[in-house]
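Before any comments, here is the structure.
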Amino acid sequence: NAGVTQTPKFRVLKTGQSMTLLCAQDMNHEYMYWYRQDPGMGLRLIHYSVGEGTTAKGEVPDGYNVSRLKKQNFLLGLESAAPSQTSVYFCATRQGENGYTFGSGTRLTVV
Amino acid sequence: AQSVTQLDSHVSVSEGTPVLLRCNYSSSYSPSLFWYVQHPNKGLQLLLKYTSAATLVKGINGFEAEFKKSETSFHLTKPSAHMSDAAEYFCVVSPQHTGGFKTIFGAGTRLFVKA
């Protein structure tokens, strides 16, 4: 039982490049989330999804897009990377009022 | 509106002594409250949760937290620290029945454990 799997684990991008982060879950959870973690700021919500085919903006959505074509996958895209997007990205899932299940993170550096 | 304040950015204890990590919150809704732990270069792991049942909540690895509505606090404690407890801890407030998009994470408290 893998839980929540994020790929890749590390990536270095040049400013202006694009990339997609993949989150895959095998728990059949309805809700999925993308967070970014920056030092001293806790986790901030980028986008989220309450079910297959749905997405919505979170607290810091600018510069990111998402898609959830299949229930088990939630993709986060950066169309034109900027140094301000250097961060650690976490995917999480949730079912009902239970706690979140997090992936192990993607460490992204934009130079 | 929701907010969460972790009152200490760093806490240092000796192995075998008690741990206290403090968290205050505010919420316009009935909140669920969580504590998560993050070890270096790892994801966040759920320690315990409060969802309006018993106010004293027991979690994994000997941790517990008490929900005090009158003080709007949800402090995390452990009677005896172990070296493996060294990590960062996050207090989280999540209004119930809102799909999680109003969830707020605290800034984190880094726990150091001295031998």
Side-chain angles (χ1 to χ4, degrees), chain A residues 2-10 21 23-25 27 29-51 54-61 66 68 74 87-108, chain B residues 1-10 21 23-25 27 29-53 57 59-60 63 65 74 87-110:
Chain A
V4 179
T5 302
Q6 290 184 234
T7 53
K9 295 190 183 305
F10 304 93
L21 282 67
C23 177
Q25 57 124 339
M27 298 173 293
H29 286 177
E30 290 294 334
Y31 299 160
M32 296 187 74
Y33 311 85
W34 276 106
Y35 287 93
R36 60 177 290 171
Q37 183 179 33
D38 301 292
M41 301 187 73
L43 273 71
R44 292 181 293 167
L45 182 63
I46 305 171
H47 286 280
Y48 66 99
S49 168
V50 300
T54 73
T55 63
K57 295 180 180 179
E59 178 186 358
V60 289
V66 288
R68 192 159 177 211
F74 195 30
S87 187
V88 181
Y89 292 85
F90 286 100
C91 176
T93 70
R94 189 177 185 186
Q95 189 71 12
E97 296 303 315
N98 294 320
Y100 296 82
T101 301
F102 284 88
S104 58
T106 296
R107 188 172 297 274
L108 175 65
Chain B
Q2 285 66 240
S3 69
V4 58
T5 302
Q6 293 185 240
L7 297 169
D8 306 289
S9 59
H10 299 86
L21 305 183
C23 173
N24 287 350
Y25 73 92
S27 179
Y29 306 84
S30 296
S32 294
L33 295 161
F34 307 87
W35 276 99
Y36 283 83
V37 61
Q38 184 180 32
H39 291 276
N41 300 314
K42 301 290 186 184
L44 280 73
Q45 179 186 14
L46 179 65
L47 275 179
L48 49 81
K49 66 178 180 180
Y50 166 79
T51 55
S52 73
V57 181
I60 62 172
F63 285 94
F74 190 58
E88 188 150 24
Y89 293 79
F90 293 93
C91 182
V92 181
V93 58
S94 182
Q96 294 185 13
H97 310 300
T98 59
F101 63 90
K102 292 183 183 292
T103 296
I104 302 294
F105 287 76
T109 297
R110 186 165 295 278

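Letters A, B, ... mirror the listed sequences (proteins, then strands); counts begin at 1.
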### Message
Measuring only between side-chain heavy atoms, which start at C-beta, is A/Y35 closer than 4.5 Å to B/T103?
### Response
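Result yes, sub-4.5 Å side-chain heavy-atom pair found.
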### Message
Any heavy-atom pair between the side chains of A/L43 and B/V92 that's under 4.5 Å?
### Response
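Side-chain contact under 4.5 Å: no.
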### Summary
If one checks every heavy atom of A/Q6 against chain B at 4.5 Å, the contacting part turns out to be neither
### Query
Tell me, side chain or backbone of A/R107 under 4.5 Å from chain B's heavy atoms, or both, or neither?
side chain
Does any backbone or side-chain atom of [X] lie under 4.5 Å from a heavy atom of chain A? Answer side chain, backbone, both or neither.
X	answer
B/L44	both
B/Q6	neither
B/K42	backbone

### Query
Residues two or more places apart in sequence or in another chain: which of them pass ring-ring contact (aromatic ring centres under 6.0 Å, His included) with B/Y89?
B/F63
### Task
List in chain and number order the residues that pass ring-ring contact (aromatic ring centres under 6.0 Å, His included) with B/Y36, two or more places apart in sequence or in another chain; answer none if no residue qualifies.
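Applying ring-ring contact (aromatic ring centres under 6.0 Å, His included) to B/Y36 gives A/F102.
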### Task
If the plane angle is over 60° it's perpendicular, under 30° parallel, otherwise tilted; pick one for A/Y100 and B/F105.
tilted
